[in-house]
Amino acid sequence: MRKEHLLLSTAVGLAIALLTAGPGAVRAQAEALSGQVTSPQGPLEGVLVTAKKAGSTIAYTVATDDKGHYSFPSAKIDPGEYTLHIRATGYDLDGAGTATVAAQKGATADLKLKKTRNLPAQLTNAEWISSMTGTDEQKSFLLNCVGCHTLERVVRSTHDVNEWMQTLNRMANYAQVSQPIKPQKRMDPEWAPKPETFRKTAEFLATINQSEVNRWEYPLKVFDRPTGRSTKMLITEYDLPRPTIEPHDVILDNKGQVWYTNFGELFLGKLDPKTDAHSEFPLKEFKPGFPVGTLDIGIDTAGDFWIGMMFQGAIAKFSPKTEQFTYYPIPNEQNNNVTQLNMLGLAHQIDGKIWTNNAGNQELYRIDLASGKYETWAPMKQITSGGNHTIYGITSDSKNNLWFMEFQDNYIGRVDAKTGALSLFRAPTERGRNRRGIMDEQDRLWFAEYRGNKIGMFDTREQAFKEWPLPTPWTGPYYPVVDRNGEIWTGGMTTDRVVRLDPKTNTSVEYMLPKDTNIRRVFVDNTTNPVTFWTGSNHGASIVKLEPLD
């Protein structure tokens, strides 16, 4: 059990009197920071309070209980000057949020809130989608936008229909590794459709922005604040050294070290959460001028890391012992302007072969690690239903058969490792837009239904599906993980909420994060008690740890 994990306890020899707290809440201890949060209507539950020490790169966040009380554990709050921030949609701090914590003494910082004068700036992407007029089919296009920026940019714009058509054409020519402070253009000039293709979408967007009025004609919907179990948590956020770092996939090794892929730069990152020490390991640039960034990361049975290098047309193996990379580039004859090796199937201990996918031309590859030879499958050509079809996540089962999620519709696919035969299965939710998935020890495939707003499970042995709807509309789940207790964890790309789902009881808990996070890959550390949740703030250049208190 990691020593850093927080347990509810009462220290001997308290330097200050314990403040009254709700059941299960973290109680104030010596050198801790606590207080009361009130609004003009009285105490508020579910207000996120963030404390950050002057000069520190680490911030801690807790939530107020049903009496409006918050408290930080003494193990996290050292003596010093702190800045306090809150997240409670509809409210701002009334006055400065500061606190001074002295050695051997506790500090009390009561916070008063006032009604915000800028509610639109506080809405999550999911709240914007829920607020807008229009059908779900019209709104679903916006799920393509949130990977690079918030929807506040869309609704505050003044583009008319013609301007929107040009804007959408330009946006489609940017690689998905882009962010507003660092756009990266695709190298295929034919990738994006012509502007006129976007007319119907442009007509809808011109009805929800400020092209004709300076205010929105639809009421702004605000989701409820956290209550009950959703307030029983501690969040730690570790800032990364550059705003252009996009920690897309975050995992932990068996020593508790955090490793992440950088979605917008050619680096493998490492963070020691005990010391906050940060390291970066540069990867080779195979295709100068093409977009840079890395996506999938996994650890094999030998303890080596494998990384998808996307537009650079290779996958890489990293040895943490030697801190050296070994590369497996795609053959030249298959390497073109759209090549994009994103994901990995890592059961190569079975047969010495690793799987990857090419998101540019929708092919699957199996690489013989001894020879470096690539084998190719083109499964999308075998789908006869209408429309476009694309491969998103992939994973290997216990026999190194390859399983993939199809993104535009609702297919789940399998490639037999021995025969190469393709099988296709359709998940129950039409147009679910299956994103990424994992295989558990029972060869059950758990996957995220991005547009379907569900977590799906396919029992590959019984060939049977189950689905669990998520509690908040337009959550946009990207990746699920099943912990040692059988609970499912995922995160919303649009809601800034971590979802903890019990598939046995069909109940869920949602934990709000302190700021816009755009959750992608999630990871659960099963060595702690309770388990600990990790993810990257893909647009916020930070690593996020969430510790539930039950």
Side-chain angles (χ1 to χ4, degrees), residues 89 116-223 243-244 246 263-264 291 387-388 390 407-408 431 433 450-451 473-476 492-496 515-518 538-540:
T89 306
T116 185
R117 291 185 293 179
N118 190 7
L119 179 62
Q122 297 183 343
L123 297 189
T124 64
N125 290 325
E127 287 169 322
W128 276 116
I129 297 175
S130 296
S131 300
M132 296 168 183
T133 55
T135 66
D136 284 358
E137 185 64 30
Q138 288 175 310
K139 296 178 183 182
S140 66
F141 175 84
L142 295 165
L143 292 174
N144 299 326
C145 304
V146 299
C148 296
H149 56 75
T150 66
L151 294 183
E152 186 183 356
R153 286 174 170 260
V154 175
V155 296
R156 287 192 185 275
S157 71
T158 58
H159 298 322
D160 62 19
V161 173
N162 290 328
E163 291 169 332
W164 267 125
M165 288 193 295
Q166 297 297 325
T167 299
L168 293 171
N169 170 262
R170 176 168 56 87
M171 291 290 134
N173 275 300
Y174 287 127
Q176 63 267 47
V177 295
S178 298
Q179 52 180 313
I181 60 174
K182 187 185 177 183
Q184 299 191 60
K185 284 189 175 181
R186 294 179 179 271
M187 295 299 287
D188 182 3
E190 302 300 322
W191 180 269
K194 301 301 181 185
E196 184 63 31
T197 308
F198 295 105
R199 177 170 290 277
K200 183 177 291 188
T201 300
E203 289 173 348
F204 166 66
L205 293 178
T207 68
I208 61 156
N209 70 343
Q210 296 182 332
S211 59
E212 296 184 2
V213 295
N214 61 6
R215 299 296 298 172
W216 299 281
E217 296 181 346
Y218 45 86
L220 302 184
K221 295 181 180 179
V222 176
F223 296 160
T244 52
E246 298 180 73
F263 199 45
N388 295 325
T390 58
F407 186 53
Q408 299 299 333
R431 301 278 293 169
R433 303 195 76 179
Y450 184 59
R451 186 180 183 275
W474 298 102
T475 294
M493 279 186 65
T494 67
T495 60
D496 302 331
K515 60 186 180 184
D516 176 36
T517 305
N518 195 249
N538 199 56
H539 294 167

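When a residue number appears, it is its place in the shown sequence, counting from 1.
Proximity of a side-chain donor or acceptor of Glu127 to a complementary backbone N or O of Phe223 within less than 3.5 Å is detected. Listed for the Asn173 side chain is no donor-acceptor partner under 3.5 Å among the backbone atoms of Lys185. Distance alone, capped at 3.5 Å, is enough to place a donor-acceptor pair between the Arg431 side chain and the Gln408 backbone. Not a single donor-acceptor pair under 3.5 Å links the side chain of Thr495 to the backbone N or O of Ala126. Judged by distance alone, the side chain of Asn518 and the main-chain N or O of Val146 form a donor-acceptor pair under 3.5 Å. A donor-acceptor pair under 3.5 Å is formed between the side chain of Glu163 and the backbone N or O of Asp160.
With values rounded to the nearest 0.5 angstrom, His159 atom NE2 is found 3.5 Å from Thr167 atom OG1. Note that NE2 of His149 and CG of Asp516 are 12.0 Å apart. Values are rounded to the nearest 0.5 Å.
A 6.0 Å sphere centred on NZ of Lys182 holds more than 12 heavy atoms belonging to other residues, nucleotides or ligands.
In terms of heavy-atom proximity, Trp216 sits nearest to Val155 at NE1-O, 2.9 Å. Taking both residues in full, the closest heavy atoms of Tyr174 and Pro183 are given as CE2-CB, 3.7 Å, listed atom of the first, atom of the second, then distance. Closest heavy-atom contact between Trp164 and Ser157: CZ2-OG, 3.1 Å. Closest approach of Arg156 and Asn118 over heavy atoms only: NH2-OD1, 3.2 Å. Closest approach of Gln184 to Val177, counting heavy atoms only: NE2-CG2, 3.5 Å. Nearest heavy atom pair, residue Thr517 against residue Lys515, reads OG1-O, 2.7 Å.
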task = Let me see the working for Val222 and Leu123 under side chain to side chain contact (heavy atoms under 4.5 Å, CB included), right down to the final yes or no.
result = CA-CA 7 Å; Val222 176; Leu123 297 189; 3.9 Å; yes
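When side chains are defined from C-beta on, Met187 counts as touching Pro291, because their heavy atoms get closer than 4.5 Å. Residues Phe407 and Tyr450 have side chains in contact (heavy-atom distance under 4.5 Å, counting atoms from C-beta outward).
One finds a salt bridge joining Glu196 and Arg199 here, because a Lys/Arg side-chain nitrogen approaches an Asp/Glu carboxylate oxygen to under 4.0 Å.
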